[in-house]
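In what follows, every chain begins at residue 1, and chains take the letters A, B, ... in the order their sequences are listed. All of these numbers come straight from a predicted model, not from anything done at the bench. Side chains included, hydrogens not; waters and symmetry mates left out as well; all remaining heavy atoms used.
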Amino acid sequence: MYRHGPRLLTRAIGGGVRRSAAVRAFSTDLAVAPSEDAAFVEAWRKLAPNIDPPKTPFAFMKPRPPTPSSIPSKLTINFVLPYQSEISNKEVDMVIVPATTGQMGVLPGHVATIAELKPGLLYVHEGSEVTKYFVSSGFAFVHANSITDIVAVEAVPVDHIDPSLVQKGLADFTQKLNSATTDFEKAEAQIGIDVHSALNAALSG
Amino acid sequence: MASATAAAVPFWRAAGMTYITYSNICASIVRSCLKEPYKSETAGREKIHFAVTKWANGKPEKPDIRSDSSAD
């Protein structure tokens with residue numbers, strides 16, 4: 001029982017020499033990603049001491065930044081689409097994503113979250129300027145080290161949207177919902193209505 | 001599909017659609033509502049082209065080519 005005494009005592013005091021300023025590390029905290037696998041390199045050197053161990057992709061990549069012990073002042077975001085990288089490693093103040101549970105604001109130090117996105121507006125706040133995108137659907141991954149990855153299939157600036165096409169589409173799909181027979185057709189029509197309503201709201205909001 | 005104790009499924013999954021199908025439909029709807037010239041820039045994004053080759057006894061069989069360009 002007393003074997004654990006010192007450990008419990010240092011935990012109670014609030015850290016101990018080995019830990020950083022945080023009292024308790026979260027399970028979502030990230031350490032620095034290692035640039036080489038220590039166990040592999042050791043095993044290699046035992047078997048083939050004269051040959052250099054091969055480099056793995058990790059050695060060529062920039063290592064993942066660790067979770068900082070204090071909340072950083074800026075959020076780093078990556079916003080990617082299948083055909084281009086819209087925003088890459090940009091430091092911003094806040095980003096608001098259209099999650100299925102509602103508009104979610106992400107500030108530096110936000111808890112690690114995975115959010116499925118619904119069709120809606122994505123706002124990127126940097127200083128006093130705000131960039132708006134309409135996102136068709138996708139995911140937002142907020143990591144514990146204040147890096148946010150947003151992936152979407154289609155994202156357009158709001159002024160690229162044609163209001164008359166949106167109204168026409170809404171009317172078309174409402175009509176399709178009434179005439180739909182199978183579950184699949186009803187779902188497709190419902191998706192059409194949802195997306196067009198979101199486009200409408202984005203244009204007027 | 002959703003039992004009383006499971007989480008509520010989205011309507012499209014209840015109708016037998018997968019997330020990818022749902023996401024692609026959303027994207028194509030957004031693309032269809034764009035102004036020109038942005039709309040014509042997106043023309044190639046929905047096209048797919050791939051070939052599936054099954055192997056039997058160490059030899060490839062005839063490839064099954066799925067392509068939008070031949071369907072145009």
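In plain terms, the two heavy atoms of B:Ala15 and A:Phe184 that are nearest each other are O-CD1, 4.0 Å. Minimum interatomic distance between A:Leu75 and A:Ser146 (heavy atoms only, all atoms of both residues): CD1-O, 3.7 Å. A pairwise comparison of heavy atoms in A:Val153 and A:Ser136 identifies CB-OG, 4.0 Å as the closest pair.
Listed by sequence position, A:Glu116, A:Pro119, A:Phe134 are the residues of residues 97-135 of chain A in contact with chain B, using a 4.5 angstrom heavy-atom cutoff.
Between chain B and the residues A:Asp162, A:Asp194, A:Thr182, the most heavy-atom pairs under 4.5 angstrom are made by A:Asp162. Between chain B and the residues A:Glu185, A:Lys168, A:His196, A:Lys186, the most heavy-atom pairs under 4.5 angstrom are made by A:His196. Between chain A and the residues B:Arg45, B:Met17, B:Arg31, the largest count of heavy-atom pairs under 4.5 Å involves B:Arg45.
Proximity to chain B (any heavy atom under 4.5 Å) is shown, for A:Val166, by both the backbone and the side chain. For A:Ile191, the parts lying near chain B are the backbone and the side chain together; criterion is any non-hydrogen pair under 4.5 Å.
With a 4.5 Å cut-off on side-chain heavy atoms, B:Lys39 and A:Leu165 count as touching. Between B:Arg13 and B:Tyr19 there is a side-chain heavy-atom pair separated by less than 4.5 Å. A:Ile193 places a side-chain heavy atom less than 4.5 Å from the side chain of A:Ser197. Contact check for B:Cys26 versus A:Glu154: no side-chain heavy atoms found under the 4.5 Å cut-off.
B:Glu36 and B:Ser40 are linked by a side-chain donor-acceptor pair at a separation below 3.5 angstrom, with hydrogens and angles left out of the test.
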